[in-house]
Amino acid sequence: MAKKKIIPQSKLKKVNPSGKQDQSFFEQVYEIVRQIPSGRVTSYGAIAACLGTKLSARMVGWALNGTDKINPTVPAHRVVNRVGLLSGKFHFKPPGKMERLLKGEGVLVKDDTVVGFSEKFWDPGSNVLM
DNA sequence: ACCATGACTAGAA
DNA sequence: CTTCTAGCCATGG
C-alpha cells in the first residue's frame, strides 16, 4: 500500500453511482491539456471553465502537479495563469524546462511570462480543430 | 465532520 | 501601478 501517491489514479475508479462523471477531476484536466495544440497556451481558469467548475482553477493547477510522472505525457508547460505567467515553472523536474519547452514550440517567454499571451491563448472549449 | 493546503481569479484599497 | 482579501473546489490529515 503506497503511503504517498501524488496522482490518485487509483481513485479514478471511484466512479459516481449515478453514472455521471466516470473520470475524476484530474483525468478531465489531463485530457484538456493534451488537446492544447503546439505553440498555444491556455489558463487554468479556461480549463476549469471547460470542466464546468470555472471557480476551481486551483484544482486544475493542483491536478497538473503530477503530470510529469503520469503517462502519456501532459504538456503542462502550455498551461499558465491568467496573465500568462509561468506560475508552475518551479514544479517541473528541472525548473526552466517549462520555459524551454514553450520556446521550442515557438512561444516566447519573457521574464517567466508568455509574450503575446492573448494571441497564443487557446480556448479548450472553443474549437478543437484549429 | 473540521482544518489546512494549493501551478487560481476577481475585486477592492 | 502594487498589495491584500475573499471565494472557490478537491484532497489529505
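To find a chain, count down the sequence lines: A is the first, B the second, and so on, and within it residues start at 1.
- When each of C:dA10, B:dA7, B:dA10 is scored by its nearest atom to the side-chain atoms of A:Phe25, the top-ranked nucleotide is C:dA10.
- Rounded to an integer number of Å, the gap from A:Leu51 CG to B:dT9 P is 14 Å.
- Residue A:Val79 is tested with A:Val41, A:Val74, A:Ile47 for a side-chain contact (heavy atoms from CB on, under 4.5 Å); the sole match is A:Ile47.
- Rounding to whole angstrom units, CG of residue A:Asp68 and P of B:dA7 are separated by 13 Å.
- One interatomic measurement links the two molecules: CG of A:Leu55 to C1' of B:dG11, which rounds to 14 Å at whole-angstrom precision.
- Distance CD1 (A:Ile36) to P (B:dA7): 18 Å, rounded to an integer number of Å.
- Nucleotides C:dG13 and B:dA7 place their C1' atoms 22 Å apart, quoted to the nearest Å.
- Taking every side-chain heavy atom of A:Tyr44 into account, B:dA7 is the closest of B:dT9, C:dT11, B:dA7.
- Across C:dA10, B:dT9, B:dA7, the shortest atom-to-atom separation from the side chain of A:Arg82 is found for B:dT9.
- Among the heavy atoms of the strands lying under 4.0 Å from A:Ala76 is at least one base atom, whether or not backbone atoms are also near.
- The one candidate from A:Val60, A:Thr42, A:Ile32 that meets the side-chain contact (heavy atoms from CB on, under 4.5 Å) condition with A:Cys50 is A:Ile32.
- Between A:Glu27 atom CD and C:dA10 atom P the separation is 16 Å, expressed in whole Å.
- Under a 4.0 Å N-O distance rule, the pair A:Glu105/A:Arg40 does not qualify as a salt bridge.
- The nucleotide whose nearest atom lies closest to any side-chain atom of A:Ser43 is, among B:dA7, C:dC9, B:dT9, B:dT9.
- In this structure, A:Leu101 atom CG and B:dA7 atom P are separated by 19 Å, rounded to whole Å.
- Distances were taken from every side-chain heavy atom of A:Ser87 (C-beta onward) to each of C:dT11, B:dA7, B:dT9; the shortest belongs to B:dA7.
- For A:Phe26, the side-chain atoms get nearest to C:dT11 when compared with the rest of B:dT9, B:dA7, C:dT11.
- Closest contact between the side chain of A:Asn81 and the listed nucleotides C:dC8, B:dT9, B:dA7 involves B:dT9.
- Residue A:His91 places its side chain closer to B:dA7 than to any other of C:dT11, B:dA7, B:dT9.
- If you measure from atom NZ of A:Lys97 to atom C1' of B:dA7, you get 16 Å, rounded to the nearest angstrom.
- Across every non-hydrogen atom of A:Lys89 and A:Asp112, the tightest pair is NZ-OD1, 2.9 Å.
- Aromatic ring pairs are classed by plane angle as parallel below 30°, tilted from 30° to 60° and perpendicular above 60°; the pair A:Tyr30 and A:Phe26 is parallel.
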